[in-house]
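Counting starts at 1 for both ligands and their atoms, following the listed order. Excluded from the calculations below are hydrogen atoms, water molecules and symmetry mates; all remaining heavy atoms, backbone and side chain alike, are included.
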Amino acid sequence: MKKVVARSDCALHSLRILAFCALAAALTAIVPRATNPCAYSISRSILAVTGLDPFLITCSSDASLSDGAGDKKAGSGGPIVTDLHLCGDPDPPDHPPPAPFHCCPPMSSSEPVNFTFPDPAEPLRTRRPAHEASADHMAKYKRAVALMKALPRSDPRSFYQQANVHCAYCSGALRQPGRPELPLQIHFTWLFFPFHRAYLYFFERIAAKLLGDPGFALPFWSWDVPEGMRIPDEFADRASPLYNARRNPRHLPPKVLDLEFMEVENNYTDEQQIQRNLWVMHKQMVTNARLPSLFYGQPYHAGDSAMPGAGTVELCPHNTMHLWAGDISNPNVEDMGVYYSAGRDPIFYPHHANIDRLWDAWRHIIRTTHGNQTQADFTDPDWLDASFLFYDEEARLVRVTVRDMLDADKLRYTYGGVGMAWLNARPPTSPGVNGKRSRLKSVSFPVSLDEAVTVEVSRPAPPRNRQEEVLVVEGIEVDSADFVKFEVYVNAMEYHKVQPGGRELAGTFVTLKQPGEEAGTMRTTMRVALNQLLEDLGAEGDHSVTVTLVPVRGKVRIGGLRIVYVAE
Ligand code: C2O
């Protein structure tokens, strides 16, 4: 928690605010908007000079909220590219980690080669769910991890270096070319799915090579279907290389997992928990993910500041499952619960294989059968040409683009073994929970979510090419040294009467800790799809919707709420 200025500091505080305003005014006059892609960085520098807590003041000259991306507007544009020369010490978490860490990949003696697709004649690897994979299959994964752990740390294929790949792209170690002040952060952006697909692709091929088994496929942890909703047994065996002591001891099998987990255990029966998990999956995969940007996350170009906005699945269950698996008794929730160390847990890879499977399912099935008949992918070259560097099974440095990662079939792997149990798990509504609207207090943004806040948001007239009506939660600021959760309810000002996981719970916002973000504050946005929701609530004809933001954990500020129509 950030400190709150004590009374006796008041005079000093006022002086600081005066200094802040004077400097802000002067700088705003001197620096024209055009050369100032991120007004926030100015306010940040002023904050540094004046020593103000960033939670106590917002630079009023911050870029307007008009585009829904807050002040995340592009700088120079162009695709994000990776340069290993631009790697340095990661930003350390506020709480000292159990051991010091570095996460830059080893340098290569030669230039990276461009990615080429595997031979189409290669056998198709079938990734199978851990809960029903054969003992032989799980034994292979176990052996692959053991072999990777046995490689010297200098080998880019070693488990140590593989785990570090994730750290480098998430913890401020890699920086943007030409913009050393900007971290290269692939989370909370449209790079989330393709980056992790590439990461697993090389991890799997390294495992296959070490095993001498060219057909080896990763098992996946299918936490979205009832049979997969617990830690697979192989990971809980203390003698196994798949075991990790830094996991929540209360979540060992047969404990049923909670896809909306945040810190506290609930007291549902297994049956109730499973049902709620299926509702979460349905919302995040089907009703809330009806456009590419809602599913993938927001655009992130070269020169943009980090974390413009995450897609549905990344917020939850991706982030929540990281927190559920990590050891919550560690302040940073190592290993799984924080970006820098998540790759050190052998369960990370089956976890992300499931994320990848959900991407595949969305692209091929959900989008066409339940979506808004949109395109599958962004067509923006800044997405398609964004690139990452990985070492392959021959320890060659390879440059891979998002474009290379779109089609799992071309990468010669597929998923088998489970269906989509949540496909028709439409959550129930709780009628009569929005009765007292006339008593709403007026709210002026930005607002600190110290308690639930309810706002009536008017719906603009739909344009001719209306596609999806989207609620944008703008200018979200969270304490980056903490993990944070808030919930977004629609037409439920008496939200506590909504049955847990019910339909009026329209969206769930969750972050992991973000060491080193600007001035200790992570700034982002969130989007909630409204078409299906308003239909389910019988509210399509209303002129406005009632939005209630409910803090669950951590310090959050909200810049504003707005409804827009998005066509993609
Ligand atoms: Cu890159 Cu699951 O996090």
Side-chain angles (χ1 to χ4, degrees), residues 80 82 90-91 93 101 103 105 161-174 183-204 218 220-224 231 235 244 246-248 257 259-262 284 295-298 300 306-327 332-359 386 388-390 400 402 405 480 483-485 508-517 522 524:
I80 290 282
T82 310
D91 298 313
F101 66 100
C103 53
Q161 294 291 352
Q162 287 295 305
N164 272 352
V165 169
H166 193 253
C167 173
Y169 281 89
C170 318
S171 305
L174 285 166
L184 200 172
Q185 165 60 280
I186 52 83
H187 296 95
F188 280 69
T189 77
W190 64 6
L191 302 180
F192 172 75
F193 287 103
F195 168 83
H196 289 93
R197 174 168 289 180
Y199 184 17
L200 294 195
Y201 174 83
F202 290 105
F203 183 92
E204 180 171 69
L218 280 171
F220 62 90
W221 178 15
S222 54
W223 33 249
D224 60 304
I231 290 191
F235 292 83
N244 182 355
R246 285 201 272 268
R247 288 191 197 130
N248 191 327
L257 54 86
L259 291 184
E260 290 199 294
F261 179 72
M262 177 51 75
Q284 302 299 74
F295 183 73
Y296 284 113
Q298 293 301 303
Y300 179 47
M307 306 185 112
T312 51
V313 166
E314 181 180 357
L315 290 174
C316 166
H318 168 265
N319 284 355
T320 42
M321 282 308 294
H322 270 280
L323 290 169
W324 189 85
D327 186 351
N332 304 314
V333 206
E334 282 95 352
D335 279 334
M336 273 286 275
V338 58
Y339 293 129
Y340 88 85
S341 58
R344 296 177 184 173
D345 190 330
I347 208 166
F348 174 95
Y349 306 91
H351 166 55
H352 266 278
N354 202 40
I355 293 286
D356 189 69
R357 164 184 156 254
L358 295 174
W359 178 19
F388 319 107
L389 293 171
F390 292 93
V400 133
V402 167
M405 290 296 124
S480 56
F483 47 100
V484 167
K485 180 178 182 183
T508 301
F509 178 91
V510 178
T511 63
L512 309 180
K513 290 192 176 195
Q514 265 305 291
E517 267 290 303
M522 169 194 169
T524 190

Ring centres of Phe390 and Phe203 under 6.0 Å apart?
-> no
Atom 1 (Cu) of ligand 1 - name of the N/O/S atom of His196 that sits closest to it = NE2
Row for atom 2 (Cu) of ligand 1: angle NE2 (His318) to NE2 (His322), 10° precision, value 90°
Heavy atoms only: give me the nearest Met307-Thr524 pair and the separation to one decimal.
-> O-OG1, 2.8 Å
Between Tyr340 and Glu334, a side-chain donor and acceptor under 3.5 Å = yes
Assess the pair His352 and Tyr199: is the distance between their ring centroids shorter than 6.0 Å?
-> no
Would you check if atom 2 (Cu) of ligand 1 lies under 2.8 Å from any N, O or S atom of His352?
-> yes
Between atom 2 (Cu) of ligand 1 and His166, is there an N, O or S atom separated by less than 2.8 Å?
-> no
